[in-house]
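Take a look at the structure set out below.
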Amino acid sequence: CPPLPRTKFADVTADAYPLGTRLYYECDSGYRRRSGQYLGIQCRSIQQVASWVYKEFECIDEKILLSTAPTTELDFAQTPERKTQSPAPQKQENLSEFNQKDFCGPPKTIPHASLRLPDQYYVGQVLHFQCQSGYDKQPPTSGTRRCKKVNGEIIWTPLDMQCTNDS
C-alpha cells in the first residue's frame with residue numbers, strides 16, 4: 001500500500017494484521033522501558049493459528065527508575081505491583097478477507113505504552129481512526145480507511161472524518 005496519509009489529532013488502530021507484521025511499543029512520556037527488555041512483537045503462525053509473539057516488557061515511571069535515594073527499607077517492605085495485561089477487546093466481526101490462520105487480532109495493551117504503527121500495510125488492511133480526547137468537536141469523530149486495488153492502482157479509501165482543535 002502507499003504511505004498512509006497523516007491524520008491530525010487521531011489515534012489509529014486495526015482489527016487484524018497479516019502474518020509477519022512487526023509492531024513496536026513506545027513508553028508514554030514520563031516512562032521508560034525496563035533495561036534489557038525488547039519492545040517488539042511479531043505476528044506469527046503458531047500451530048497454524050496467527051498469534052502475536054510477545055517478550056516480557058514493562059514501562060516504568062522515570063522518577064522510580066532515576067531515583068538514587070536509598071531504597072533498602074522499601075525493597076524489603078514492599079514488592080512492586082505486577083499489573084496483569086489483559087488482551088485488547090477483540091471484535092468478532094465478519095472479517096471475510098481475514099481469517100485466524102493468516103491474520104493476528106489487535107495486540108494486547110501494555111500499561112503506560114502505545115503501539116507505533118507499521119511502516120507498511122497490505123491490500124485488504126482496514127484501519128480505524130478515532131479523534132483523540134479534546135479534538136472531537138465535530139462529528140463524525142471516527143472512521144475507517146481501507147487499502148484496496150482499484151483499476152490496477154493500490155489506494156487508501158478516503159476518510160470521512162476530521163479531528164480539529166478548534167474551540
Side-chain angles (χ1 to χ4, degrees), residues 1-62 64-65 79-133 141-159 161 163:
C1 296
L4 183 66
R6 180 125 170 87
T7 304
K8 288 177 119 180
F9 312 122
D11 291 323
V12 184
T13 58
D15 289 332
Y17 296 88
L19 284 173
T21 298
R22 289 179 188 267
L23 297 178
Y24 296 89
Y25 288 96
E26 293 178 336
C27 290
D28 295 340
S29 180
Y31 292 84
R32 288 200 183 151
R33 73 176 166 90
R34 189 180 288 280
S35 179
Q37 292 184 340
Y38 183 63
L39 300 94
I41 61 174
Q42 185 175 17
C43 178
R44 291 193 191 151
S45 181
I46 299 171
Q47 296 177 347
Q48 298 190 356
V49 175
S51 303
W52 288 109
V53 176
Y54 296 87
K55 305 273 186 211
E56 186 177 336
F57 174 71
E58 187 177 18
C59 290
I60 300 170
D61 191 321
E62 283 181 346
I64 295 169
L65 249 176
T79 54
E81 182 182 316
R82 275 253 190 244
K83 294 188 177 179
T84 56
Q85 297 155 356
S86 59
Q90 297 201 15
K91 296 178 190 168
Q92 294 302 322
E93 297 176 14
N94 179 15
L95 299 171
S96 56
E97 293 180 52
F98 303 126
N99 62 51
Q100 288 185 322
K101 194 173 173 185
D102 299 320
F103 289 85
C104 289
K108 66 183 176 183
T109 55
I110 304 274
H112 313 296
S114 55
L115 278 166
R116 188 172 45 192
L117 292 175
D119 296 327
Q120 195 170 5
Y121 291 101
Y122 300 92
V123 172
Q125 180 71 64
V126 177
L127 298 177
H128 302 275
F129 293 79
Q130 177 75 42
C131 287
Q132 294 170 345
S133 178
T141 58
S142 64
T144 59
R145 283 192 118 130
R146 177 185 295 262
C147 180
K148 65 185 203 175
K149 200 172 203 171
V150 178
N151 299 327
E153 186 182 356
I154 298 174
I155 61 155
W156 285 102
T157 57
L159 183 62
M161 63 169 269
C163 305

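What you see below is based on every heavy atom in this structure, not just the backbone, and it leaves out hydrogens, waters and symmetry mates. In what follows, residues are counted from 1 in the order of the sequence shown.
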query: Any side-chain heavy atom of His128 within less than 4.5 Å of one from Asp15?
result: yes
- line: What one should report as the nearest heavy-atom pair of Ala10 and Met161 is CB-CE, 4.3 Å
task: Kindly assign one of parallel, tilted or perpendicular to the pair Tyr38 and Tyr24, based on the angle between their ring planes and the thresholds 30° and 60°.
output: perpendicular
Straight-line distance of Cys27 SG to Leu39 CG, nearest 0.5 Å: 6.0 Å
- prompt: Would you say the side chain of Tyr31 lies within less than 4.5 Å of the side chain of Glu62, judging by non-hydrogen atoms?
  reply: no
- prompt: Do any pairs count as a salt bridge (charged side-chain N to carboxylate O under 4.0 Å, His left out) and have a residue in residues 148-159, sequence neighbours left out, and if so which ones?
  reply: none
message: With a 4.5 Å cut-off on side-chain heavy atoms, are Leu115 and Pro107 touching?
response: yes
task: Just do the side chain to side chain contact (heavy atoms under 4.5 Å, CB included) check on Cys59 and Asp28 with the steps written out, would you?
output: CA-CA 8 Å; Cys59 290; Asp28 295 340; over 6 Å; no
query: Within a strict 4.5 Å, meaning less than it, do heavy atoms of the Gln37 and Lys55 side chains meet?
result: no
query: CG of Leu19 to CD of Gln42: how many Å apart, nearest 0.5 Å?
result: 9.0 Å
- prompt: Are Tyr25 and Thr109 close enough that some pair of their side-chain heavy atoms sits under 4.5 Å apart?
  reply: no
- line: Between the CG atom in Asp61 and the NE2 atom in His112, the distance rounded to the nearest 0.5 Å is 7.5 Å
task: Assess whether side chain to side chain contact (heavy atoms under 4.5 Å, CB included) is satisfied between Thr141 and Gln130, documenting all intermediate values.
output: CA-CA 6 Å; Thr141 58; Gln130 177 75 42; 4.0 Å; yes
Sub-4.5 Å side-chain heavy-atom contact between Ile154 and Cys147: yes
message: Measuring from atom CZ of Arg145 to atom CD1 of Ile155, what distance do you get when rounded to the nearest 0.5 angstrom?
response: 9.5 Å
- line: Applying side chain to side chain contact (heavy atoms under 4.5 Å, CB included) to Glu26 and not counting sequence neighbours gives Arg116
field: Rounded distance [0.5 Å steps], CZ in Phe57 versus CZ in Arg33
entry: 8.0 Å
message: Would you say that Cys1 contacts Gln120 through its side chain, given a criterion of any heavy-atom pair below 4.5 Å between the two side chains?
response: no
query: What heavy-atom pair brings Tyr122 and Pro18 nearest, and what distance separates the two atoms?
result: CD1-CG, 3.6 Å
message: Do Cys43 and Arg22 make a side-chain contact, defined as non-hydrogen atoms from C-beta onward lying under 4.5 Å apart?
response: no
query: Distance-only, no hydrogens or angles: does the Arg34 side chain make a donor-acceptor pair with backbone N or O of Glu58 under 3.5 Å?
result: no
- request: Spell out, as yes or no, whether a donor-acceptor pair under 3.5 Å connects the side chain of Ser51 to the backbone of Ile46.
  value: no
message: Suppose we screen for side chain to side chain contact (heavy atoms under 4.5 Å, CB included). Which residues come up paired with Leu127, at least two apart in sequence or across chains?
response: Leu4, Val12, Ala14, Tyr121, Gln125, Phe129, Trp156
query: Is the Tyr17 ring parallel, tilted or perpendicular to the Trp52 ring (thresholds 30°, 60°)?
result: perpendicular
